Amino acid sequence: MQCIILAAGEGKRMRPLTARRPKVMLPVANRPMIEHLIIAARDAGITGFILVVGYCEREIRNHFGDGSDLGVKISYVTQRRQMGTADALRAASGMVKERFLLLNGDMILRSDDIRNLCRMEAPCMGIHETDHPQDYGVVTVVNGLITGLEEKSEEPMSNLINAGAYIFDPDIFDLLLGVGVSERGEFELTDALTSYIEERRLRGYLLDYWLDLGHPWDLLDANAEILSGMHHEKHGTIEPGCAVPETVSIGKGTVIRAGTCIEGSCIIGENCVIGPHAYIRGSTAIGDDCHIGHATEIKNSIIMSGTKVPHFNYIGDSIIGSGCNFGAGTKVANLRHDNGAVKVCGKSTGRRKFGAIIGDDVLFGINCSVNVGSSIGSGTRISPHSLVEGCIEENSVIR
């Protein structure tokens with residue numbers, strides 16, 4: 001069986017992290033989110049993949065190549081304009097001749113669920129139970145058959161949602177030909193499914209496990225969960241006088257300098273320098289070629305490759321892009337005084353503790369303060385002693 005993964009979108013809700021990469025290449029536990037999905041499908045027995053790419057597609061093609069590094073075969077097809085999920089699937093129509101698995105690229109599944117879904121008769125939709133269905137497309141199910149689909153609603157008709165995983169026969173491509181432009185100006189896959197529902201043919205399979213990665217703060221939840229369950233290995237150098245538990249992975253060429261303390265489940269990439277006297281707290285992922293230096297504390301955060309946090313810094317509950325540099329004494333706050341849920345650009349994260357979302361190549365001067373819920377666009381330059389808060393556009397200069 002082949003697996004088609006939809007990976008063409010930018011992921012505007014993930015801005016500024018997607019300014020220079022597609023959403024599916026955002027890292028979770030130091031792997032692109034789509035790589036976790038490919039590995040889960042591979043472990044379920046699938047070896048042939050078709051990735052529908054578009055926005056910043058070179059990032060995906062260069063990372064995965066032909067798939068041989070993961071023990072699979074990957075082909076690519078380009079969606080020239082991102083015009084919706086039905087349009088993305090149509091782009092792959094000439095590459096599939098038999099029953100296939102279709103997955104959205106911005107989620108994480110487990111191999112057991114994928115294996116069981118693949119055993120279902122087509123057409124079948126993966127569904128999931130959630131306590132906040134108002135954030136998703138909702139389905140109703142009777143005796144295992146999907147009886148209704150509903151877009152996001154303040155009063156959803158059930159707590160079961162469309163999880164973005166399907167088993168289809170090639171006849172789905174005939175249905176796609178009749179799909180028109182939706183109110184959002186896109187060709188929606190769900191519009192093609194109404195025929196299956198009317199014919200009482202669309203089955204539902206209840207997934208045991210499903211992680212949605214729709215917003216930047218969702219990356220932190222997924223990162224923590226995957227780090228807590230992964231097998232950890234140490235390949236770098238750990239100097240005497242460090243506290244590094246078994247629950248920490250360390251990449252090749254990385255040096256953990258004296259006096260550094262690491263707690264909980266963490267991962268540190270290759271060719272990093274950590275310390276001396278750094279404090280890395282649980283659920284933190286640090287990418288390749290990073291420097292976390294003297295008297296710096298990092299908590300429950302994702303730090304992407306090439307970023308330097310070298311002197312007397314604090315970063316908590318944040319996502320930091322690649323190639324950033326934090327001046328000495330610059331700190332990111334992560335808690336409101338009223339203990340309320342932190343908002344980013346007016347959107348609630350649902351989290352009492354959340355720091356900032358910082359794009360790529362952001363440079364801070366010394367002793368800057370970044371307030372809770374800040375979003376800082378890629379390429380921004382921030383002068384010493386600045387207070388940064390709110391939503392900062394790309395390539396801004398803050399004095």
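All values derive from a computational prediction rather than experimental measurement.
- Partners of Glu199 according to the salt bridge (charged side-chain N to carboxylate O under 4.0 Å, His left out) rule, which considers only residues two or more places apart in sequence or in another chain, are Arg201.
- Among pairs with a residue in residues 22-41, those fulfilling side chain to side chain donor-acceptor pair (under 3.5 Å) read Lys23-Asp106, Arg31-Glu35, Glu35-His63, at least two apart in sequence or across chains.
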Side chains of residues 392-399: which donor-acceptor partners sit under 3.5 Å, not counting sequence neighbours?
from	atom 1	to	atom 2	distance (Å)
Glu394	OE2	Arg15	NH1	2.3
Ser396	OG	Glu393	O	2.7

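- Membership of the apolar cluster around Met230 extends to Leu227, Ile267, as traced through chained side-chain contacts below 4.5 Å between ILVMFWY residues.
- Arg351 has a carboxylate O that lies under 4.0 Å from a charged side-chain N of Asp221, or vice versa, which qualifies the two as a salt bridge.
- Side-chain polar atoms of Ser301 and Thr284 form no donor-acceptor pair below 3.5 angstrom.
- Applying the side chain to side chain contact (heavy atoms under 4.5 Å, CB included) rule to Thr47 yields no partners; only residues at least two apart in sequence or on another chain are considered.
- Looking at His235 and Glu233, their side chains do bring a donor and an acceptor atom within 3.5 Å of each other.
- Residues forming a salt bridge (charged side-chain N to carboxylate O under 4.0 Å, His left out) with Lys299 (at least two apart in sequence, or on another chain): Asp317.
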After noting the C-alpha distance and the side-chain angles of Cys242 and Cys261, does the key distance pass the disulfide (SG to SG under 2.5 Å) rule? CA-CA 6 Å; Cys242 297; Cys261 177; over 6 Å; no
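- Judged purely by distance below 3.5 Å, without hydrogens or angles, the side chains of Tyr196 and Asp171 pair a donor atom with an acceptor atom.
- For Pro27, the side chain to side chain contact (heavy atoms under 4.5 Å, CB included) test picks out Ile302, Met304, with sequence neighbours left out.
- For the residue pair Tyr136/Glu150, the side-chain donor-acceptor check at 3.5 Å is not satisfied.
- Within the structure, every pair that satisfies the ring pair (Phe, Tyr, Trp, His ring centres under 6.0 Å) test and touches residues 249-286, not counting sequence neighbours, is listed here: His277-His294.
- Other residues sharing a hydrophobic cluster with Tyr55 under the 4.5 Å side-chain heavy-atom criterion for ILVMFWY residues do not exist; the residue is a singleton.
- Taking the side chain to side chain contact (heavy atoms under 4.5 Å, CB included) definition, one finds that Ile197 meets it with Ile146, Leu149, Leu202, sequence neighbours left out.
- Checked for salt-bridge contact, Asp112 and Arg110 miss the test: no charged N lies under 4.0 Å from a carboxylate O.
- Every salt bridge (charged side-chain N to carboxylate O under 4.0 Å, His left out) that Arg281 has, sequence neighbours left out, goes to Glu297.
- Scored by the side chain to side chain contact (heavy atoms under 4.5 Å, CB included) test, Asp360 finds Arg20, Arg21, Ser322, Ser378 as partners (sequence neighbours excluded).
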